[in-house]
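Structure record follows, encoded as structure tokens.
Along the sequence shown, residues are numbered consecutively beginning with 1.
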Amino acid sequence: MTAGSGADDGVPAGAFDGGTFDGGSDAQAAGERVETLLAELRTRAGPEVADTAEELVGCLVRLYGAGLASIMRSIGDDSRLKARLVADPLVDSLLLIHDLHPLDVGTRIRRALGRLGIGAELLSIDDEGVALIRLANGHGHAGVQSDVEQAVADAAPETTGVRIAPREAPLLQIARRPPGAA
């Protein structure tokens with residue numbers, strides 16, 4: 001079997017045969033496969049060969065990053081085309097990896113929180129890179145917090161963490177008693 005053929009290594013056949021990726025999960029699988037192959041080279045061929053392979057991967061990543069940078073320069077200020085690019089999960093993640101994403105960190109986090117559909121709100125990002133998030137009432141359990149943390153990490157890998165803002169106390173309304181009420 002050849003590396004990446006899928007029949008003996010748990011990788012779907014055809015996943016890395018020069019075809020196209022269909023989104024973030026395939027890109028993640030490709031990244032994981034690169035890591036597996038590098039580890040395999042380190043084990044089978046020794047550290048020298050693995051170091052050379054890692055350098056090769058690094059060179060290829062920089063080459064593709066330079067190509068993406070050239071594409072983004074060519075696009076210029078065409079916001080409609082940029083929006084189409086970042087709507088594609090694979091392109092979106094590649095732009096993030098190469099620090100070429102056209103959207104600022106706050107906008108990316110707000111988009112990611114909006115996709116969760118739980119009413120989470122970005123309040124701020126502090127000087128250390130921690131995002132302060134307010135959860136809507138009823139969404140404070142650990143699973144939701146974990147989902148928020150993952151969404152923020154995926155959308156803005158340059159952040160250093162997430163802090164959930166304390167819930168605001170409900171507004172107490174005081175009314176006057178109607179005349180004659182006891």
| task | Calculate, to the nearest 0.5 Å, the distance between atoms OG and CZ belonging to Ser79 and Arg84 respectively. | result | 12.5 Å

| Minimum-distance pair of heavy atoms, taken over all atoms of Ala155 and Ala112 | CB-CB, 3.6 Å

| field | Nearest non-hydrogen partners of Ala50 and Leu41, listed with the distance | value | CB-C, 4.2 Å

| Minimum heavy-atom separation for Asp88 to Val91, with atom names? | OD1-N, 3.1 Å

Atom pairs and distances, side-chain donor-acceptor, residues 115-130, under 3.5 Å, sequence neighbours left out:
from, atom 1, to, atom 2, distance (Å)
Asp126, OD1, Glu128, N, 2.9
Asp126, OD1, Gly129, N, 3.0
Asp126, OD1, Val130, N, 2.9

| Any side-chain heavy atom of Ile133 within less than 4.5 Å of one from Gln145? | no

| said: Is it the case that atom CG in Asp104 sees more than 12 heavy atoms from other parts of the structure closer than 6.0 Å? | reply: yes

| task | Return the minimal non-hydrogen interatomic distance between Met72 and Leu100, and the atom names on each side. | result | CE-O, 3.9 Å

| query | Less than 4.5 Å apart, any side-chain heavy atom of Leu68 and any of Ile97? | reply | no

| task | Could you state whether Val61 and Leu95 fall into the same hydrophobic cluster, counting links through intermediate Ile, Leu, Val, Met, Phe, Trp or Tyr residues with side-chain heavy atoms under 4.5 angstrom apart? | result | no

| Rounded to the nearest 0.5 Å, what separation is found between the CG atom of Leu38 and the CZ atom of Arg33? | 10.5 Å

| message | In this structure, would Tyr64 and Val86 fall into the same cluster of hydrophobic residues linked by side-chain contacts under 4.5 Å? | response | no

| task | Could you grab the distance from atom CZ of Arg111 to atom CD1 of Ile109, nearest 0.5 Å is fine? | result | 12.0 Å

| task | Could you name each residue pair satisfying side-chain hydrogen bond (donor to acceptor under 3.5 Å, both in side chains) that touches residues 43-63, not counting sequence neighbours? | result | Glu40-Arg44, Arg42-Asp51, Arg42-Glu54

| request: Rounded to the nearest 0.5 Å, what's the gap from CG on Asp78 to CG on Leu85? Could you check? | output: 9.0 Å

| Mind checking whether His101 and Glu158 have side chains closer than 4.5 Å, heavy atoms only? | no

| With the 4.5 Å side-chain cut-off for hydrophobic clustering, are Val105 and Leu96 part of the same group? | no

| Under 3.5 Å, is there a donor-acceptor pair between the side chain of Ser70 and the main chain of Ala66? | no

